[in-house]
There are 2 protein chains.
Amino acid sequence: MATRTDAPTRREQILKEAARLFAERGFHGVGVDEIGAAVGISGPGLYRHFAGKDAMLAELLVGISGQLLTGAKRRLQEADGVASEAVLDSLIEGHIDFALDDRPLITLHDRELDRLRDSDRKLVRQLQRQYVELWVEVLREVYPGLAEPAARSAVHSVFGLLNSTPHLGRPGSLPGRGATARLLHRMARGAFAAAGTQ
Amino acid sequence: MATRTDAPTRREQILKEAARLFAERGFHGVGVDEIGAAVGISGPGLYRHFAGKDAMLAELLVGISGQLLTGAKRRLQEADGVASEAVLDSLIEGHIDFALDDRPLITLHDRELDRLRDSDRKLVRQLQRQYVELWVEVLREVYPGLAEPAARSAVHSVFGLLNSTPHLGRPGSLPGRGATARLLHRMARGAFAAAGTQ
DNA sequence: CAGGGAAGTTAGCGGTCGTTAACCTGGAGG
DNA sequence: CCTCCAGGTTAACGACCGCTAACTTCCCTG
C-alpha cells in the first residue's frame, strides 16, 4: 500500500467536490452542472468519468465504509496482544481522525445511504455492520459486564458523538484540531465507561 | 397551555406525515403527491393548507427548535434553586424524550436546515443557539473549570450522542424505551464528566 | 506527419416536480 | 331552499434536471 504523493486525478477531484456539495445541499439538491462547475468543466463532461450521478454517490459511500473498516482492521492487527483499553483508544483515535479530516464524507455516510441502488446499499450496510461489530467486540472486552445489545447501542451513540464534528462550527472557531480531538476522545471514553458500569 | 385531547387537525396530519417522509428520503426526495397520498388527498390539495412545500419544512423546523427551547426554559424555571446537577439531568431527560418520541423531527432538525429561506433559517439558527447557550450555562455551573468554547463543543457532541436514536434500529430491536433512555442518560453524563474533568 | 483516443463542448430530449387554474361537492346558516 | 365556502378534484404549464448525441480539440504515438 504505497503512500500517494502524486497529484489527484480528475476522478478524485470530482469525487471530493461532489462529496462537499452533497453534504452541503443533499444528493437531490445538487445538479450535475454544479458538480462540473466545481472542477472547472461543464455538467455532461462528468460522464467521461462516471456512469452517472448515482455512481458518484455509490463510489463515495462504499469508499467511506470500506476505508473505515480497513483502518479499524489494521489497527486491530497492529495491536495484537495489547491491552483491550489501548485497542479501544486506537479505534476511537482512528474514527476521530476521519471525522475531523473528512467532514463532508462523515456527513454523507449517515445521510444519503437511502439514495443508493439496492445492491450498493446492501454492500455499504454490510461494511458498516462489520465495523460496528468490531467495535462491539473490543468494547465488551474492556467492559465484560456489558450485554451485547447495550454495547451495540453504546457504539452507535458514540458514533453520533464523534460524528458531531460538522456541527462544531467551521474550523477556526473551535479550539484547534488537537484540542478538539482530545476532547472528543475523552468524552467517548467517558460515555463508554458510563455505559459499561451500571 | 392546555393539554390537547382533541383529534389532530388536517394540518397536523400533513405535518406529521411530511416530517416522516422528509426524514426518510430527504426534502428534495419527496414529492407533494406523496405527501398528499400519505394523508389520503392528492398533491395539489395540500395547497389549501400550506403556501407550498417550503412552508411545510419551515413550519416543521421552527416548531422543533421552538419546542426544544420552550421545554428547556420551563425545566429551568421549575428547577429554580435546585442543584445544578439535577437541572442538567432534567435537560438531558427532556432531550431524550424528544429524541425517542419524535425521531423523524430530530432527523430533520440537523439535516434539512439549509433548505430554508434565509429568514426562516436565521430564526431556526437563533432558537438553536439559545438552546445550546442554555445548556452551556448549566454545564458550566456543574463543571466550573470548563472553558466556554470547550463547553459548547461538549454540548454539541452530546447532542450528537442523544440524536443518534434514529440509527439504533427500529423500535423493538433495542432493549425497550426505558432501558434505552437510561443508557443514553448515563452516557451523556459520562461524556460531560469526562469533558469537565481534564 | 497522420491517426486516434481521451476529454471536453453545446444542443436538446424526456421525464419529473412544484404550482396554478378551473371546476366540483357537501354541509352549515340565514 | 338558496347560498356560500372550506376542502377537495383533475388538467396543464413551466422550469429544472439527468442524460445522450454530435461535434471539437489536443496530445500522444507509430
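Chain A is the first sequence line, chain B the second, and so forth, proteins listed ahead of strands; every chain is numbered from 1.
- Side-chain atoms of I41(A) lie closest to dT9(C) of the nucleotides dA7(C), dT10(D), dT9(C).
- Side chain of E12(B) to main chain of T9(B): a donor-acceptor pair is present (N/O by atom type, distance under 3.5 Å, no hydrogens or angles).
- Between I35(A) and M56(A) there is a side-chain heavy-atom pair separated by less than 4.5 Å.
- The distance between atom NE2 of H49(B) and atom C1' of dC5(D), rounded to the nearest whole Å, is 14 Å.
- Distance L46(A) CG to dA6(C) C1': 15 Å, rounded to the nearest Å.
- E85(A) has its side chain within reach of R189(A): a pair of non-hydrogen atoms, C-beta onward, lies under 4.5 Å apart.
- Counting only residues at least two apart or on different chains, the salt bridge (Lys or Arg N to Asp or Glu O under 4.0 Å) pairs with a member in residues 128-139 of chain B are E133(B)-R152(B).
- Nucleotide dA7(C) holds its P atom 12 Å from the CZ atom of F50(A), rounded to whole Å.
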Scan nucleotides 11-29 of chain D nucleotide by nucleotide, 5' to 3', and note B when protein non-hydrogen atoms come under 4.0 Å of the base, S if they reach only the sugar-phosphate, - if neither.
B------SBB-BB------
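- For the side-chain hydrogen bond (donor to acceptor under 3.5 Å, both in side chains) condition, no pair includes a residue of residues 40-49 of chain A, sequence neighbours left out.
- Residues F159(A) and L161(B) fail the side-chain proximity criterion, which asks for heavy atoms closer than 4.5 Å.
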